[in-house]
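Notes for the one structure printed next.
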2 protein chains.
Amino acid sequence: MDRTRDFLDDLSSMFRALGDSTRLGIVLGLMDGERCVSDLASSLDISESSASHHLRNLRQLRLVKRRRDGKKLFYSLDDHHVYLILTIGLEHQAHKDKEES
Amino acid sequence: MDRTRDFLDDLSSMFRALGDSTRLGIVLGLMDGERCVSDLASSLDISESSASHHLRNLRQLRLVKRRRDGKKLFYSLDDHHVYLILTIGLEHQAHKDKEES
DNA sequence: TATACATATGATTATATGTTCAAGTGTCTA
DNA sequence: TAGACACTTGAACATATAATCATATGTATA
């Protein structure tokens, strides 16, 4: 009955999902709007299979959602919080980079 | 010369650091203020060695900082962005939990 | 300065995770 | 309805990572 543990596990899973540079590239690529798999794969220079695996991971954690249009599946960020977390992460990183120079 | 890649690697490293439930427990435990290693270790029910390893990881990424007072080392969050990211993460998770019920 | 305390570090090992490849599913169009 | 497209899935493998244990370091105090 340890909800604290589950909560920690769930939240850390979300951060872990963003903790892979390929997946992070994907979600950052979705900040401007929806994209289909082949588009993401080619712009990130990864295989469609790899993109698909990562998108599955992100979708299971409800970080992204998708809709079908014909043969294509368009992915987008699922929730405003995801956008916020990414924005602050970007700020944090920019701030660190500035300090280092 | 690929700064984009480095930027992605650095940012994903930060998220990855928060993507382990033990480390996440540590930083959440620091949201209320500084704590020493033995204190963190006992409250999270982990060994001091494990706590120390994780704190080292977090410190290398500049997510936490420390100060010495006598024999003890007091750790705290390094930067306001870290606090913000955690806050939004907590909100996101609470929001998801609510939807699920 | 010897001892205890608080923490750090390095090596080892077991597990988790990302990538790849081959095969499968769903959708459109000729 | 056959073929092409767009994507998904599962298995296999290689690498990354966390936990543990033994040892080392830094600090206070008797």
Side-chain angles (χ1 to χ4, degrees), chain A residues 5-6 8-30 33-76 78, chain B residues 5-6 8-30 33-76 78:
Chain A
R5 177 64 56 84
D6 288 346
L8 260 189
D9 284 346
D10 287 351
L11 185 51
S12 63
S13 295
M14 185 204 63
F15 284 126
R16 192 158 58 254
L18 303 177
D20 173 81
S21 59
T22 303
R23 275 192 300 270
L24 184 60
I26 290 175
V27 291
L28 291 177
L30 296 177
E34 62 178 15
R35 312 268 295 274
C36 70
V37 179
S38 52
D39 182 10
L40 284 167
S42 68
S43 75
L44 294 169
D45 198 30
I46 58 176
S47 70
E48 298 193 359
S49 174
S50 177
S52 186
H53 277 296
H54 286 304
L55 286 164
R56 183 166 126 100
N57 180 325
L58 293 167
R59 203 161 71 94
Q60 284 174 335
L61 295 166
R62 294 207 264 156
L63 294 175
V64 305
K65 62 188 182 210
R66 68 183 183 187
R67 77 179 173 84
R68 184 177 279 281
D69 183 10
K71 296 182 219 171
K72 294 190 175 180
L73 286 167
F74 287 90
Y75 283 81
S76 56
D78 186 278
Chain B
R5 178 62 56 85
D6 288 345
L8 260 189
D9 284 346
D10 288 350
L11 185 51
S12 62
S13 296
M14 186 206 61
F15 284 125
R16 192 159 57 252
L18 303 177
D20 173 81
S21 57
T22 303
R23 275 193 301 269
L24 184 59
I26 290 174
V27 291
L28 291 178
L30 295 179
E34 62 179 15
R35 313 267 296 275
C36 69
V37 180
S38 50
D39 182 11
L40 284 167
S42 67
S43 75
L44 295 169
D45 197 31
I46 57 175
S47 71
E48 298 192 0
S49 175
S50 176
S52 185
H53 276 296
H54 285 305
L55 286 163
R56 183 167 126 100
N57 180 324
L58 292 167
R59 203 162 71 94
Q60 283 173 336
L61 295 166
R62 293 206 266 158
L63 294 175
V64 305
K65 63 190 180 205
R66 69 183 183 187
R67 78 178 174 84
R68 183 177 280 281
D69 182 9
K71 295 182 217 172
K72 295 189 173 178
L73 286 167
F74 287 89
Y75 282 82
S76 56
D78 187 277

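All values reported here derive from a predicted model rather than from experimental measurement. Sequence lines set the chain letters: A, B, ... in the order given, protein chains first and strands last, and positions in each chain run from 1.
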Does Tyr75(B) have a side-chain nitrogen or oxygen under 4.0 Å from the phosphate oxygens OP1 or OP2 of dA6(C)? no
Whole-Å distance separating the NZ atom of Lys72(B) from the C1' atom of dA4(C): 14 Å
Using whole Å, what does the distance between atom P of nucleotide dA19(D) and atom CG of Leu55(B) come to? 12 Å
Determine: side-chain N/O of Arg56(B) to OP1/OP2 of dT9(C), distance under 4.0 Å, yes or no. yes
Using a cut-off of 4.0 Å on non-hydrogen atoms, how would the nucleic acid contact of Arg23(A) be classed: base, sugar-phosphate, or nothing? sugar-phosphate
Of the listed nucleotides (dT8(D), dT7(C), dT27(D)), which one gets closest to any side-chain atom of Lys71(B)? dT27(D)
Want to settle it: does Arg68(B) or Arg68(A) sit nearer the 5' end of DNA chain C, counting the closest nucleotide to each? Arg68(B)
Phosphate-side-chain proximity, Ser38(A) and dC7(D), N/O vs OP1/OP2 below 4.0 Å: yes
Under the 3.5 Å rule, do the base of dC21(D) and the side chain of Ser49(B) count as making a donor-acceptor pair? yes
Ile26(B) CD1 to dA18(D) P, straight-line distance once rounded to whole Å: 11 Å
In whole angstrom, what separates Arg67(B)'s CZ from dT7(C)'s C1'? 15 Å
When you measure from the side chain of Arg66(B), which nucleotide among dA8(C), dC5(C), dA18(D) comes out closest? dA8(C)
Between dA16(D) (P) and Asp9(B) (CG): distance, integer Å: 12 Å
Considering heavy-atom distances to DNA chain C, does Asp69(A) or Ile46(A) have its closest nucleotide positioned more toward the 5' end? Ile46(A)
Applying side-chain contact (heavy atoms from CB on, under 4.5 Å) between Ile26(A) and each of Asn57(A), Val64(A), Leu40(A), report the one that passes. Leu40(A)
Rounded to whole angstrom units, what separation is found between the CZ atom of Phe74(A) and the P atom of dC7(D)? 8 Å
Heavy-atom closest pair (Val37(B) atom, Ser52(B) atom, distance to 0.1 Å) is CG1-N, 4.5 Å
For Arg16(A) and dT17(D), is the shortest distance between a side-chain N/O and OP1 or OP2 below 4.0 Å? no
Under the salt bridge (Lys or Arg N to Asp or Glu O under 4.0 Å) rule, collect the residues that match up with Arg16(A), sequence neighbours excluded. none
Just N and O in the side chain of Ser52(A): are any of them under 4.0 Å from OP1 or OP2 of dC7(D)? no
So, is Thr22(A) close to the dT19(C) phosphate, meaning a side-chain N or O under 4.0 Å from OP1 or OP2? yes
Compare the minimum distances between each of dG18(C), dT8(D), dT7(C) and the side chain of Leu73(A), then state the nucleotide with the smallest one. dT8(D)
Starting at CG of Leu40(B) and ending at C1' of dA8(C), how long is that distance when rounded to a whole Å? 15 Å
Check whether any side-chain heavy atom of Leu28(B) lies under 4.5 Å from a side-chain heavy atom of Leu8(A), and answer yes or no. yes
What's the shortest heavy-atom distance between Gly29(A) and Arg35(A), and which atoms? O-NH1, 3.0 Å
If you count heavy atoms of other groups shown closer than 6.0 angstrom to CZ of Arg68(B), is the number above 12? yes
Rounded off to whole Å, could you give me the CD-to-P distance for the Glu34(B) and dA6(C) pair? 16 Å
Phosphate oxygens OP1/OP2 of dA6(C): is one of them under 4.0 Å from a side-chain N or O of Arg35(B)? no
Verify stack between His53(A) ring and dT9(D) base, 5.5 Å, 30 degrees: yes
Out of dA18(D), dG18(C), dC7(D), minimum distance to the side chain of Glu48(A) belongs to dC7(D)
